[in-house]
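To start, the structure under review is shown below, and the notes come after it.
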Number of protein chains: 2
Amino acid sequence: MSKASSSSPSRIELVATDRRLTDSNMKPATRGTKEHAPANSQASQLDHGPLGERLGYILRRAQLAIFEDFIAACDRFDIRPGQYSVLTVIEQNPGFSQTKVAEALGIKKTNFVAMVDAFENRGLVRRAAMPGDRRSYALFLTDAGKALMRKLHRVAEQHEQRIIDRIGPLMHKRMFSALAAIAGMSGDTKQDD
Amino acid sequence: MSKASSSSPSRIELVATDRRLTDSNMKPATRGTKEHAPANSQASQLDHGPLGERLGYILRRAQLAIFEDFIAACDRFDIRPGQYSVLTVIEQNPGFSQTKVAEALGIKKTNFVAMVDAFENRGLVRRAAMPGDRRSYALFLTDAGKALMRKLHRVAEQHEQRIIDRIGPLMHKRMFSALAAIAGMSGDTKQDD
DNA sequence: TTTCAATCGTTATGTTGGATAACCGTTATA
DNA sequence: TATAACGGTTATCCAACATAACGATTGAAA
């Protein structure tokens with residue numbers, strides 16, 4: 001076997017979703033290691049074993065699902081989650097420099113350039129002269145940008161409500177502190193160069 | 001302004017981390033829209049506004065932090081989160097085909113090829129002939145693969161304990177159901193071609 | 001049994017989020 | 001005033017993930 005060898009090693013990040021298979025020709029050799037999870041006839045396909053006990057695993061899956069929902073919701077505005085976060089920070093902090101805004105979101109300033117370019121080309125963000133420092137730009141939302149944000153915030157709230165409907169307002173509220181605590185695991189910080 | 005124009009539009013996904021700035025030349029123009037969050041002198045830099053109320057936002061940040069911790073923990077084994085999940089599923093379901101395993105994890109079979117190649121080259125996984133079907137391969141962990149998994153599972157458990165230490169066993173337990181519910185938002189499924 | 005559709009693994013290729021290195025103009029500091 | 005630090009930018013590179021298409025094989029229909 002192994003006609004393989006391929007080209008690049010290529011790592012895949014995890015990704016996961018449930019799927020059922022109505023197959024018949026299953027369990028070719030269910031011997032070897034096997035002691036975890038219960039049955040898996042036609043429910044959720046293969047046995048994920050201890051993965052179901054790894055918070056990081058389901059956290060990742062949940063994050064993907066949430067993004068998928070948000071992406072779909074913002075699709076008609078051609079806005080992605082990361083873009084929404086950038087516009088929101090600019091909206092909340094008008095006049096700050098690219099570096100500051102990028103840092104606030106953990107985005108490398110080098111990758112932030114193209115983002116701002118796109119926003120500027122779409123007439124959503126304005127790069128103004130930073131008074132007192134000719135090196136930096138002061139970022140502002142244009143009127144069009146502000147108008148878009150009003151719509152986006154509404155969409156985001158509906159999106160949030162969809163989540164609340166799933167887990168209940170209490171759990172929704174509780175999650176924040178827990179997730180915030182987890183987010184602080186890596187001692188935070190980890191920005192630009 | 002806008003010497004910009006750059007090359008590719010390039011979207012950035014979100015990413016975020018807190019950072020503090022001890023600057024002095026701040027608040028260039030804190031007028032415009034501004035009504036959310038409180039002070040942000042030197043604490044957590046800029047105001048994230050409503051982002052702090054978006055579960056998806058902190059969920060994403062938490063997921064990144066968890067992965068960072070797990071990645072660091074598995075670094076000496078040269079294993080990434082996605083690889084751990086693949087090996088785990090193969091371990092739990094020996095003898096299944098590439099397509100089945102890939103599907104179980106939401107990985108496109110096309111991208112799965114290189115992954116299995118890498119595992120095979122490292123002597124962790126074996127592609128065996130699938131009895132009764134010369135099209136597919138039956139995947140198995142080699143002895144080396146099983147040995148590695150024993151170590152990885154231990155590392156993963158320690159990693160999990162680190163999370164529990166942060167949010168407490170009760171919250172840790174509660175999170176699973178909530179996250180599972182969220183993960184099911186997109187009606188699950190969303191695999192291969 | 002011949003034919004055609006579906007499957008499995010594979011290659012080639014494109015896209016996006018994200019990381020590094022290096023550079024220029026500007027500002028701050030020794 | 002020399003020099004280090006900073007802000008924005010470009011050029012690159014990598015990893016995760018997606019699509020199209022193909023050969024070999026198998027299954028189902030005629």
Side-chain angles (χ1 to χ4, degrees), chain A residues 1-17 21 23-25 60 64 67-68 71 80-83 85-86 96-103 105-118 120 127 129-130 132-139 190-193, chain B residues 1-17 21 23-25 60 64 67-68 71 80-83 85-86 96-103 105-118 120 127 129-130 132-139 190-193:
Chain A
M1 55 226 60
S2 84
K3 179 193 292 139
S5 76
S6 79
S7 42
S8 56
S10 159
R11 262 85 173 265
I12 289 189
E13 220 23 88
L14 163 353
V15 188
T17 326
L21 70 175
D23 282 31
S24 41
N25 60 315
R60 166 70 170 161
L64 286 177
F67 265 47
E68 198 176 305
I71 289 170
R80 307 264 309 172
Q83 295 180 309
S85 70
V86 168
F96 276 79
S97 71
Q98 286 188 198
T99 296
K100 289 284 182 293
V101 173
E103 260 180 11
L105 292 163
I107 300 173
K108 302 275 174 188
K109 63 179 183 179
T110 64
N111 295 323
F112 195 56
V113 177
M115 285 190 88
V116 179
D117 284 351
E120 208 178 31
R127 272 193 253 235
M130 178 74 86
D133 193 334
R134 283 178 297 175
R135 286 174 303 182
S136 42
Y137 290 132
L139 299 180
K190 193 263 297 272
Q191 321 291 152
D192 241 5
D193 9 350
Chain B
M1 57 219 61
S2 84
K3 177 192 292 137
S5 79
S6 77
S7 42
S8 57
S10 161
R11 265 83 174 268
I12 291 189
E13 218 25 85
L14 163 354
V15 188
T17 326
L21 69 177
D23 282 30
S24 41
N25 59 316
R60 166 68 169 163
L64 286 176
F67 265 46
E68 197 176 307
I71 289 171
R80 306 265 308 172
Q83 295 180 309
S85 69
V86 168
F96 277 80
S97 70
Q98 287 189 196
T99 296
K100 288 285 182 291
V101 174
E103 260 180 11
L105 292 163
I107 299 173
K108 303 275 174 190
K109 64 178 182 180
T110 65
N111 296 321
F112 196 57
V113 177
M115 284 191 87
V116 179
D117 283 351
E120 206 178 33
R127 272 192 254 234
M130 179 73 86
D133 192 336
R134 281 178 298 175
R135 289 173 300 181
S136 43
Y137 291 133
L139 299 180
K190 195 259 300 262
Q191 321 293 153
D192 239 3
D193 5 25

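Naming convention: chains lettered A, B, ... in sequence-line order (proteins, then strands); numbering from 1 in each chain.
- When every heavy atom of B/Pro81 is checked against every heavy atom of B/Ile71, the shortest pair comes out as CD-CG1, 3.6 Å.
- Straight-line distance from the CE atom of A/Met115 to the C1' atom of C/dT15: 16 Å, rounded to whole Å.
- Put simply, A/Thr110 has no side-chain N or O that comes within less than 4.0 Å of OP1 or OP2 on C/dT20.
- Distances shown here put a side-chain N or O of B/Lys108 below 4.0 Å from the OP1 or OP2 atom of D/dT19.
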Worksheet item: Where do A/Met115 and A/Glu120 land on the side chain to side chain contact (heavy atoms under 4.5 Å, CB included) test, with the steps shown first?
Response: CA-CA 9 Å; A/Met115 285 190 88; A/Glu120 208 178 31; over 6 Å; no
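- In this structure, B/Phe96 atom CZ and C/dG9 atom P are separated by 13 Å, rounded to whole Å.
- For B/Arg80, no side-chain nitrogen or oxygen approaches OP1 or OP2 of D/dA15 to under 4.0 Å.
- Of the candidates C/dA19, D/dG7, C/dT10, the closest approach to any side-chain atom of A/Asn111 belongs to C/dA19.
- B/Lys100 contributes atom NZ, which lies 8.0 Å from atom CE of B/Met130 (distance to the nearest 0.5 angstrom).
- Judged as a side-chain hydrogen bond (donor to acceptor under 3.5 Å, both in side chains), and not counting sequence neighbours, the contacts of A/Arg135 are A/Asp133.
- Going from atom NZ of A/Lys109 over to atom P of C/dA22 covers 14 Å, rounded to whole Å.
- Going from atom CG of B/Leu64 over to atom C1' of C/dA19 covers 14 Å, rounded to whole Å.
- Across C/dG9, D/dT19, D/dT26, the shortest atom-to-atom separation from the side chain of B/Asp133 is found for D/dT26.
- If you take CD on A/Gln98 and CD on A/Glu103, they are separated by 12.5 Å, rounding to the nearest 0.5 Å.
- Regarding B/Phe112, its CZ atom lies at a distance of 14 Å from the C1' atom of C/dT10, rounded to whole Å.
- Here the closest heavy-atom approach between residue A/Gly82 and residue A/Ser85 is recorded as O-OG, 2.6 Å.
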Check nucleotides 1-5 of chain D for protein N or O atoms closer than 3.5 Å to its own N or O atoms and list the pairs.
none

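- Considering only side-chain N and O atoms, A/Arg134 lies under 4.0 angstrom from the phosphate OP1 or OP2 of C/dT27.
- Here A/Gln98 reaches the OP1 or OP2 of D/dT9: one of its side-chain N or O atoms lies under 4.0 Å away.
- Between B/Glu103 atom CD and C/dT7 atom P there is a gap of 10 Å when expressed in whole angstrom units.
- One finds the NZ atom of A/Lys108 at 12.5 Å from the OG1 atom of A/Thr99 (value rounded to the nearest 0.5 Å).
- Per the geometry, CE belonging to A/Met130 stands 12 Å off P belonging to C/dA28, to the nearest Å.
- The CD-P distance, from B/Glu68 to D/dA15, rounds to 17 Å in whole Å.
- Distances were taken from every side-chain heavy atom of A/Lys100 (C-beta onward) to each of D/dG7, D/dA18, D/dT9; the shortest belongs to D/dG7.
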